[in-house]
Amino acid sequence: MLISDRSKEIIENLMNANGPLTVSALSKKLGVTERTIYRQIPEVTEIIESYDLTLDNSSGNGFMIFGSLYNLKRLNRSQNRTKLFQQRAC
């Protein structure tokens, strides 16, 4: 699956957050509009679910990734490998 850079950034921010992240907070961190974040959510959800994780917004306080520690580590390793590959390509 080809993953957009913006989706990677959203996932990275969600994984590094100490709690839920609102769309507003994500848009400010990434320097994009809230609408842009909302457009990326389906792709981000698909990626996260492919690791047997869940993107949750049920609290209404923002988005959080839920799942087993094993699957969170798998996603994190994948993100790190992608960053390393991109750095080498430059």
Side-chain angles (χ1 to χ4, degrees):
M1 168 192 320
L2 188 61
I3 303 170
S4 70
D5 289 340
R6 186 161 293 128
S7 289
K8 291 174 196 169
E9 288 180 293
I10 291 170
I11 291 169
E12 184 177 338
N13 276 278
L14 289 168
M15 291 185 67
N16 293 330
N18 292 327
L21 273 180
T22 64
V23 170
S24 177
L26 279 167
S27 69
K28 287 176 185 168
K29 283 182 175 226
L30 300 179
V32 298
T33 65
E34 290 182 17
R35 181 68 191 133
T36 299
I37 300 297
Y38 281 116
R39 279 191 212 111
Q40 292 297 132
I41 293 298
E43 181 180 339
V44 169
T45 300
E46 184 179 339
I47 295 162
I48 288 171
E49 287 177 351
S50 75
Y51 287 87
D52 293 323
L53 298 167
T54 304
L55 181 63
D56 184 65
N57 188 30
S58 61
S59 67
N61 295 326
F63 288 97
M64 284 185 72
I65 299 175
F66 285 98
S68 72
L69 182 58
Y70 172 77
N71 289 332
L72 286 166
K73 286 182 178 182
R74 283 179 49 225
L75 177 59
N76 191 37
R77 277 193 306 269
S78 172
Q79 291 283 102
N80 288 337
R81 265 183 277 159
T82 302
K83 275 194 264 181
L84 182 62
F85 178 74
Q86 288 174 337
Q87 288 172 351
R88 287 183 180 170
C90 293

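The model shown is predicted, which means the values in this text are computed figures rather than measured ones.
The shortest distance between side-chain heavy atoms of Leu14 and Leu55 falls below 4.5 Å.
Atom CD1 of residue Ile48 and atom CD of residue Glu43 lie 10.5 Å apart, to the nearest 0.5 angstrom. Note that CG of Leu26 is 11.5 Å distant from CZ of Arg6, once rounded to the nearest 0.5 Å. Within the model, atoms CD1 of Ile65 and CD1 of Ile10 stand 10.5 Å from one another, a figure rounded to the nearest 0.5 Å.
For the side-chain contact (heavy atoms from CB on, under 4.5 Å) with Ile3, the qualifying choice from Lys8, Gln79, Glu46 is Lys8, the only one to do so.
A donor-acceptor pair shorter than 3.5 Å can be found between the side chains of Asn71 and Arg74. If you check the side chains of Ser27 and Ser24, you find no donor sitting under 3.5 Å from an acceptor. If you check the side chains of Ser58 and Asp56, you find a donor sitting under 3.5 Å from an acceptor.
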| said: side chain to side chain contact (heavy atoms under 4.5 Å, CB included), that's the test. Do Phe63 and Val23 meet it? Break it down for me. | reply: CA-CA 8 Å; Phe63 288 97; Val23 170; 3.5 Å; yes

| said: Please evaluate residues Asn57 and Ile41 with respect to the criterion side chain to side chain contact (heavy atoms under 4.5 Å, CB included), reporting the C-alpha separation (whole Å), side-chain torsions for both, the decisive distance (0.1 Å), and the verdict. | reply: CA-CA 11 Å; Asn57 188 30; Ile41 293 298; over 6 Å; no

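Heavy-atom minimum distance, Leu72 versus Met15: O-CE, 3.5 Å. Minimum interatomic distance between Val44 and Ile11 (heavy atoms only, all atoms of both residues): CG1-CG1, 3.8 Å. When all heavy atoms of Met64 and Pro20 are compared, the pair lying nearest together is CG-CA, 3.3 Å. Residues Ser4 and Gln40 approach most closely at OG-NE2, 3.1 Å, considering heavy atoms.
Cluster membership check: Phe66 does not share its hydrophobic cluster with Leu75, using side-chain heavy-atom separations under 4.5 Å among Ile, Leu, Val, Met, Phe, Trp and Tyr.
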